[in-house]
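Proteins come first, then strands; the chains are lettered A, B, ... in the order of their sequence lines, and each starts at number 1. Bear in mind the structure is a predicted one, so any value in this text is a computation, not a measurement.
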Amino acid sequence: MSKVRVRFAPSPTGPLHIGGVRTALYNYLFARKTGGTYILRIEDTDRTRYVEGAEKYILESLKWCGLNPDESVEKEGDYGPYRQSDRKGMYVQYAEQLVESGHAYYAFDTPEELDKMREDLKTPEDPSPKYNYATRGKMKNSLSLSKETVQKMMNEGVAYVIRLLVEPGQEIHFNDIVRGAVSFKSEELDDKVLLKTDKMPTYHMANIVDDHFMEISHVIRGEEWLPSTPTHVLLYRFLGWEDTMPAFCHLPLILKPDGKGKLSKRYGAKVGIPVFPMNWESDTDFFIGFKEQGFLPEAMINFLAFLGWNPGTEQEIFNNEDLIQAFDLERINKSGARFDIQKARWFNQQYIMQTNDARLAELVRPYVEAEGHKPSEEYLQKVCVLMKERFEVLTEFWGNSKYFFEDVSEYDNQKVIRKKWKPENREKMHDLKSTVNRLRIFTAENIEEHVKKFIEENELSFGEVLPFIRLAVSGTTKGPSIFEIMSIIGEDEVAKRLEKGFEDFDKIKESLKNS
RNA sequence: GGCCCCUUCGUCUAUCGGCUAGGACGCCAGGUUUUCAUCCUGGAAAGAGGGGUUCGAUUCCCCUAGGGGCUGCCA
């Protein structure tokens, strides 16, 4: 087999959708698995849809995801340029070549005339008439007009496009790696525009020319391209490139989590789930990203890899290297996969738990600093040790861990105060505080030993004491071992919080009683 | 509407003619933790329907139904 060269070819019309990220991932994985080359090509042939900043966003997103291309606009290889607008001059000659060989023709119809044709020919049976063998004779093109008229219009500079001439009565077969044999009848195709009036190619023309000259071996792209693939096969054939035509691999779509349909950006915004790798902000739009929602790129990639593919084993956690090893185009599923944010969160939690303390501290630090605290590296890492299995996404870290960094201002469990707090034990609790505060060795083990001993000696129960130490020190009844928490926070701070907490509990109990 | 693609637990999926249909997420119950999370154990939960082919179909074929995609001088 000749060398594997694959490309991810997004269009810079906005932020890179999560489905695009998965397409990039599968291209990347396949290239790495086969020792091939993974290329990024920017498909910016539609100037009307060009969005400022989108290309940069795509590049940055891929970087964050760890899907760095071997060749791209930032890293030119031997097949450049890697931006289609920079390749503009290449396409015209092949479009012209197709006209000369009788496989394409000039068409002068204005957008208004096209609309009119579609409107006039529309019937209940055929609500969307095509520009094809049946209709092209009625339109203004070099097939329906006389040579002289065409020449005259060209001389006058009348705007024209070049359209592919598709003859009816043929079957176009091709093999898809995911779907197997697929075939279309040529009369179902339309005479697709190849070259637009601005001399820019359409996707159909550009992707064939570029894939050919970039020596692309496999086209791995979304299923939405399946219906236009026969047109692409025809283009390879008419250009004389069919013998080196790439293999096709059409990926199943990523669907909405609930009901039906393709996962869209609007939908994601509506239900508050990320649909983009990173935040996107423009004059008109704001979309939240996985990154800003507290996802680790490895977790997101692992999750995405399993949306439409699986290794056939029961292993689910795959790092980059594992994915490359296990990946196989043959094991990609045919049907669309629903996006399940819950599962994505589970993957993220798995990765957080696996992350070493130093890196986790680094990941979590921005959230702590955003709250105005600058803990030492050592301190933050200690907190991470205790908290790492207690949050699914990074953004939840602060809410669950703030008592390590600042005083307790409120208590999240009033019920336990109302039911179990005994003001008559106040004196004993005060003694407990003093006992704890006197400890010379302030380790979790030592605190635990002495607290338990104190409880026994004073004929208290764990239930009367432990929840209140916890609540006073952390403001919540949830969390890691209270003795570990105390040892990290330190004896002075602990004494202060116990004192204040016990006082607060008395007041709260009193006010709850009255209300 | 037409064309193409798809169809196993709620969701992601395993099964390449022998199935007591396996795993994961989520859910429920129990255990560990006198908290929470983690972890462990158990549970409920599926091959759209109808025809074939076959000794035997979730698996192969056909039809129906349902879903999705495409149907632009957008990609």
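- Base pairing annotation: B/rA46 forms no Watson-Crick or G-U wobble pair, as no partner gives both donor-acceptor distances under 3.5 Å.
- Taking atom C1' on both B/rG49 and B/rA57, the two are 16 Å apart, rounded to the nearest angstrom.
- Rounded to a whole angstrom, the distance from the C1' atom of B/rA65 to that of B/rA29 is 38 Å.
- Between B/rC25 and B/rU20, the distance separating the two C1' atoms is 25 Å to the nearest Å.
- Out of B/rG1, B/rC4, B/rG23, the shortest distance to the side chain of A/Asp126 is found at B/rG1.
- Between A/Phe505 and A/Tyr411, the ring-plane angle classifies as perpendicular under the 30° and 60° cut-offs.
- OP1 or OP2 of B/rU15 has at least one side-chain nitrogen or oxygen of A/Arg331 nearer than 4.0 Å.
- Across the interface with RNA chain B, nearest-nucleotide mapping of A/Ser11 and A/Glu464 shows A/Glu464 to be the residue nearer the 5′ end.
- The nucleotide whose nearest atom lies closest to any side-chain atom of A/Glu188 is, among B/rC3, B/rG26, B/rC73, B/rC3.
- Atom CG in A/Leu164 sits roughly 14 Å away from atom C1' in B/rC73 (whole-Å rounding).
- In this entry the distance linking CZ of A/Phe347 with C1' of B/rG26 reads 13 Å, nearest Å.
- B/rC39 atom C1' lies 13 Å from atom CH2 of A/Trp346, rounded to whole Å.
- At a threshold of 4.0 angstrom between heavy atoms, the contacts of A/Pro10 with the nucleic acid are absent.
- Distance from the side chain of A/Ser128 is smallest for B/rU71 among the nucleotides B/rG26, B/rG69, B/rU71.
- Residues A/Glu43 and A/Asn207 bring no donor and acceptor atom of their side chains to less than 3.5 Å of each other.
- Anti is the classification of B/rG26, since its glycosidic angle lies more than 90° from 0.
- Within 4.0 Å of A/Thr13, counting heavy atoms only, lies no atom of the nucleic acid at all.
- Under 4.0 angstrom from either OP1 or OP2 of B/rC74 there lies at least one side-chain N or O belonging to A/Lys196.
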Kindly determine whether A/Tyr91 and A/Met200 satisfy side-chain contact (heavy atoms from CB on, under 4.5 Å), including the steps that lead there.
CA-CA 8 Å; A/Tyr91 308 107; A/Met200 280 294 246; 5.9 Å; no

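- Nearest nucleotide to the A/Lys478 side chain, out of B/rC39, B/rC25, B/rU35: B/rU35.
- Taking side-chain N and O atoms only, A/Lys262 has a distance below 4.0 Å to OP1 or OP2 of B/rC70.
- The 5' end of RNA chain B is approached more closely, in terms of each residue's nearest nucleotide, by A/Ala181 than by the other of A/Ala181 and A/Ala107.
- Between the side chain of A/Asp190 and the backbone N or O of A/Asn132, no donor-acceptor pair lies under 3.5 Å.
- A/Ser183 comes within contact range of the sugar-phosphate backbone alone, with a heavy-atom separation under 4.0 Å but no base atom that close.
- Base pairing of B/rU8 is not made with any nucleotide, judged by Watson-Crick or G-U wobble geometry with both donor-acceptor distances under 3.5 Å.
- For the C1' atoms, the distance from B/rG68 to B/rA48 is 16 Å, rounded to whole Å.
- Other residues, nucleotides and ligands contribute only 12 or fewer heavy atoms inside 6.0 Å of the CD atom of A/Glu459.
- Looking at A/Thr477, its side chain has no donor and acceptor atom pair within 3.5 Å of the base of B/rC36.
- Residue A/Arg49 places none of its side-chain N or O atoms closer than 4.0 Å to OP1 or OP2 of B/rG72.
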Every protein N/O within reach of nucleotides 8-10 of chain B N/O, cut-off under 3.5 Å:
none

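- Atom-to-atom, CH2 of A/Trp309 to C1' of B/rA24 comes out at 14 Å; the value is rounded to the nearest Å.
- B/rG30 and B/rC40 make up a base pair, with Watson-Crick or G-U wobble contacts both under 3.5 Å.
- At a threshold of 4.0 angstrom between heavy atoms, the contacts of A/Gly308 are confined to the sugar-phosphate backbone, with no base atom among them.
- When each of B/rU35, B/rC73, B/rG1 is scored by its nearest atom to the side-chain atoms of A/Arg470, the top-ranked nucleotide is B/rU35.
- Side-chain contact annotation: A/Glu96 with A/Tyr106, donor-acceptor N/O pair under 3.5 Å present.
- Using cut-offs of 30° and 60° on the angle between ring planes, the pair A/Phe295 and A/Phe290 is perpendicular.
- Taking atom CD on A/Glu316 and atom C1' on B/rG22, their separation rounds to 13 Å, with Å as the unit.
- A gap of 26 Å separates the P atoms of B/rU59 and B/rC3, to the nearest Å.
- Comparing B/rA46 with B/rC19, their C1' atoms sit 13 Å apart, to the nearest whole Å.
- Judged purely by atom type and a 3.5 angstrom limit, A/Glu223 has no side-chain atom pairing as donor or acceptor with the backbone of A/Pro252.
- Considering only side-chain atoms of A/Leu253, the nucleotide from B/rG69, B/rU35, B/rC39 that sits closest is B/rG69.
- A salt bridge links A/Asp86 with A/Arg83: the distance from a Lys NZ or Arg NE/NH1/NH2 to an Asp or Glu carboxylate oxygen falls below 4.0 Å.
- Between A/Gly294 and A/Asn348, the shortest heavy-atom contact is O-ND2, 3.1 Å.
- In this structure, a donor-acceptor pair under 3.5 Å is present between the side chains of A/Asn141 and A/Ser144.
- In this structure, A/Arg47 reaches neither bases nor backbone, as no heavy-atom distance under 4.0 Å exists between it and the strands shown.
- Here, B/rA14 and B/rA24 have their P atoms 15 Å apart, quoted to the whole Å.
- Atom CG in A/Asn132 sits about 13 Å away from atom P in B/rC73, given to the nearest Å.
- Using a 4.0 Å heavy-atom distance criterion, A/Asn333 is classed as a sugar-phosphate-only contact.
- At the heavy-atom level, A/Lys185 lies nowhere under 4.0 Å from the strands shown.
- We find that NZ of A/Lys122 is positioned 16 Å from P of B/rG2, with the value rounded to whole Å.
- Within 4.0 Å (heavy atoms only), A/Phe306 reaches sugar-phosphate atoms of the nucleic acid but no base atom.
- The pairing partner recorded for B/rA21 is none, the criterion being a Watson-Crick or G-U wobble arrangement whose two distances lie under 3.5 angstrom.
- Within 4.0 Å of A/Pro111, counting heavy atoms only, lies at least one base atom of the nucleic acid.
- Across all strands shown, B/rU59 forms no Watson-Crick or G-U wobble pair with both distances under 3.5 Å.
- For A/Arg179 against B/rC5, no side-chain N or O and base N or O form a donor-acceptor pair under 3.5 Å.
- Within the nucleic acid shown, A/Ser481 comes within 4.0 Å of at least one base atom, counting heavy atoms only.
- Within the nucleic acid shown, A/Arg163 comes within 4.0 Å of sugar-phosphate atoms alone, with no base atom in reach, counting heavy atoms only.
- When the P atom is compared between B/rU58 and B/rG52, the two are found 14 Å apart, to the nearest whole Å.
- We find that A/Lys388 and A/Asp357 are joined by a salt bridge, their nearest charged nitrogen and carboxylate oxygen being less than 4.0 Å apart.
- Contact annotation: A/Lys192 side-chain N/O to B/rC70 OP1/OP2 distance is not under 4.0 Å.
- Taking atom CG of residue A/Leu226 and atom P of nucleotide B/rG69, one finds them 13 Å apart after rounding to whole Å.
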